[in-house]
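As structure tokens, the structure follows; a few thoughts come after it.
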Amino acid sequence: MIETIPCPICRTQVEYAIENSPEWYRDPSLPVYRIDCYDKCRRYWLEGISDSHPHIDPSITVFLDSLKDEQRTFISESTQYACDDGILIVYNRKALQHLATDWHYVKAAVMLYGLNNASFRISGSGFDIANMLFFLDTEDTRFTLRLHRAGTSVHKIRSEIYWLKALWNTSRIKTLSPVPGRDGEMIQFLSPKDLPSRYTTVYNWIPGETLNALPTAEKTPELIRNLGLMVGRMHYVSETLELPHWFTRPRYDIDWVTSQVEEVLGTESMDYSVEEREKLSSLPSRFSSFATKQGEGRNVFGLIHLDLAPHNIIVSEGQLCPIDVVHLGFGYYLADVQTASSYFSEEERTFFFEGYQEIRSLPKDYLQQLALFEEIREL
């Protein structure tokens, strides 16, 4: 017999099943309720209480019952868009609280940008609760809104905008274009309903398809070569850009690599063989040797995107446009070269490297060096 309950989010009568948490979740031993709300919220899971009669964590239902209908609709639509983007979600009260809280921030932000009648939803590309990205839709225009992590320095955000503007002004690289608020400021300060203060930025929408969604037939040698050209031009901007004294972004250097390795090796759920652990443990010293040899001259080390994966590159009217620059920081240019080229076949990568080297040269042994950055990226 099929069991049904009212969907705790949208209240539609839905089917459900009690299961163990998926292996990818934080605690697979927890019971979860799988909610099959296909008409509205799609499929998601709610944490349960483990006892002789498992049931949904009461704090979840109490919290949802306390929300306004507008907030419940926002959570329902956010869940729907995330699921449609292939993201599997297990909700606990904390995750739902983040969404409901973000609703207050974005509600306040649209007023500061003079977009009073705009509807909004999460982008559907992920639940990065620290730096959530939203789509804002007016009657005829779409914008993207970034709600920055609490405690983020305003100079760090200013630096991101400075670099984005430089990409266009110096090399005509089409990317995120910041939109001023009603007061003319690109960065808005939010503190709705006595919540902790946070910053937000809004950008013009870039129409097109992400590179990963592009049909295989359209990923031509010319397109791949143009991607290499684009990355080379980005690094040329980084190499030559004069930075103001307040410019602040993270560094992806030996200290960062060491901390990444320590975090991975300290994760109890990761089951490494002796050989794998030895290889991981040696990564900081191998990177240190590389860094000592290369130095940090602006010809090799500068501002990098760090996540030039296909889902962060829009193909818009034939142009390749890098987006999602939350990880922008100082590092070796080879890190970007490795990421951007790694999603292609060996033959396709030659087109990428040809394009890149029209703008900037690569070292003779760059393939061996890229192997090191591949290990780092896999952390």
Side-chain angles (χ1 to χ4, degrees), residues 131 146 152-153 155-171 173-176 211 226-244 247-261 283-284 286-288 290-314 320-344 349 352-353 355-363 366-367 369-379:
N131 290 285
R146 173 72 70 183
T152 300
S153 160
H155 292 307
K156 185 178 179 183
I157 304 171
R158 285 179 68 197
S159 302
E160 177 183 301
I161 292 173
Y162 186 87
W163 186 71
L164 290 171
K165 288 183 174 180
L167 290 182
W168 174 253
N169 294 334
T170 305
S171 289
I173 296 173
K174 184 178 178 181
T175 184
L176 301 170
L211 187 57
N226 286 341
L227 177 61
L229 279 166
M230 183 200 78
V231 178
R233 285 159 55 207
M234 290 173 68
H235 293 164
Y236 171 79
V237 172
S238 296
E239 186 177 355
T240 57
L241 184 63
E242 186 174 334
L243 302 179
F247 196 96
T248 304
R249 296 301 299 183
R251 286 175 56 88
Y252 301 111
D253 53 14
I254 181 59
D255 290 338
W256 178 78
V257 171
T258 301
S259 66
Q260 295 292 105
V261 170
L283 188 52
R286 287 185 285 128
F287 181 81
S288 180
F290 166 86
T292 300
K293 182 179 179 180
Q294 296 297 316
E296 290 190 358
R298 294 193 73 175
N299 62 318
V300 294
F301 188 94
L303 286 168
I304 59 174
H305 184 287
L306 194 68
D307 194 16
L308 279 174
H311 63 272
N312 284 331
I313 299 168
I314 300 282
L320 291 155
C321 313
I323 60 170
D324 199 0
V325 296
V326 293
H327 299 298
L328 169 69
F330 294 95
Y332 287 97
Y333 300 128
L334 285 175
D336 277 352
V337 173
Q338 190 281 324
T339 303
S341 64
S342 65
Y343 293 87
F344 301 113
R349 293 180 84 194
F352 175 90
F353 297 139
Y356 186 88
Q357 292 187 100
E358 278 198 32
I359 309 298
R360 304 183 74 258
S361 62
L362 288 167
Y366 69 88
L367 290 177
Q369 294 181 10
L370 290 178
L372 174 67
F373 285 92
E374 183 178 4
E375 288 185 56
I376 294 170
R377 180 165 174 78
E378 289 176 352
L379 289 173

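Values reported hereafter were calculated over all heavy atoms of this structure, with side chains retained and with hydrogens, waters and symmetry mates removed. Since this is a predicted model, take the numbers as computed values, not measurements.
The line from OG1 of T258 to CG of D253 is 8.5 Å long, rounded to the nearest 0.5 Å. For the atom pair L308 CG and S341 OG, the distance stands at 10.5 Å (nearest 0.5 Å). To the nearest 0.5 Å, atom CZ of residue R233 and atom CD1 of residue I173 are 4.5 Å apart. With rounding to the nearest 0.5 angstrom, the CG atom of N226 is 6.5 Å from the CG atom of L320. Atom CZ of R158 is separated from atom CZ of F247 by 11.0 Å, given to the nearest 0.5 angstrom. Rounding to the nearest 0.5 angstrom, the gap separating the CG atom in D324 from the CG atom in L306 is 11.0 Å.
Taking the side chain as every heavy atom from C-beta outward, W163 and T175 never approach each other to under 4.5 Å. The shortest distance between side-chain heavy atoms of F287 and V261 does not fall below 4.5 Å. Here the side chains of F301 and Q294 are not in contact, with every heavy-atom distance at 4.5 Å or above. K156 has its side chain within reach of P250: a pair of non-hydrogen atoms, C-beta onward, lies under 4.5 Å apart. Proximity of V337 to F373: side-chain heavy atoms (C-beta onward) are nowhere separated by under 4.5 Å. Between F330 and S238 the shortest side-chain heavy-atom distance does not fall below 4.5 Å. In this structure, the side chains of R286 and L372 come closer than 4.5 Å at one or more pairs of heavy atoms. Taking 4.5 Å as the limit, some side-chain heavy atom of E374 sits within range of a side-chain heavy atom of E378.
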Quiz item: Step by step, would you call R349 with L370 a side-chain contact (heavy atoms from CB on, under 4.5 Å)?
Solution: CA-CA 12 Å; R349 293 180 84 194; L370 290 178; 3.8 Å; yes
Exercise. Go through the steps for K165 and I161 under the test side-chain contact (heavy atoms from CB on, under 4.5 Å), then give the verdict.
Key: CA-CA 6 Å; K165 288 183 174 180; I161 292 173; 3.9 Å; yes
Quiz item: Checking side-chain contact (heavy atoms from CB on, under 4.5 Å) for the pair Y343/I313: CA distance, chi angles, key distance, verdict?
Solution: CA-CA 12 Å; Y343 293 87; I313 299 168; over 6 Å; no
Self-check item: Derivation and outcome, side-chain contact (heavy atoms from CB on, under 4.5 Å), residues Y333 and E239
Solution: CA-CA 10 Å; Y333 300 128; E239 186 177 355; 3.8 Å; yes
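Residues H235 and L303 share a closest heavy-atom pair of CD2-O, 4.3 Å. Closest approach of W256 to R251, counting heavy atoms only: CB-O, 3.7 Å. Taking each heavy atom of D307 and D336 in turn, the nearest pair found is N-OD1, 4.5 Å. Between P322 and K174, the shortest heavy-atom distance links the atoms CD-O, 3.6 Å. Nearest heavy-atom pair across L362 and Q357 is N-OE1, 3.3 Å. In terms of heavy-atom proximity, Y236 sits nearest to S171 at CD2-OG, 4.3 Å.
No side-chain donor-acceptor contact under 3.5 Å links R249 to the backbone of I304. In this structure, the side chain of Y252 engages the main chain of H327 through a donor-acceptor pair within 3.5 Å. Not a single donor-acceptor pair under 3.5 Å links the side chain of S288 to the backbone N or O of P284.
The closest side-chain donor-acceptor pair between R360 and Y356 falls under 3.5 angstrom.
Applying the ring-ring contact (aromatic ring centres under 6.0 Å, His included) test to H305 and every residue at least two apart in sequence or in another chain returns nothing. In this view, F352 satisfies the ring-ring contact (aromatic ring centres under 6.0 Å, His included) rule with no residue, not counting sequence neighbours.
For E160 and R146, the salt-bridge test fails: no basic side-chain N is under 4.0 Å from an acidic carboxylate O.
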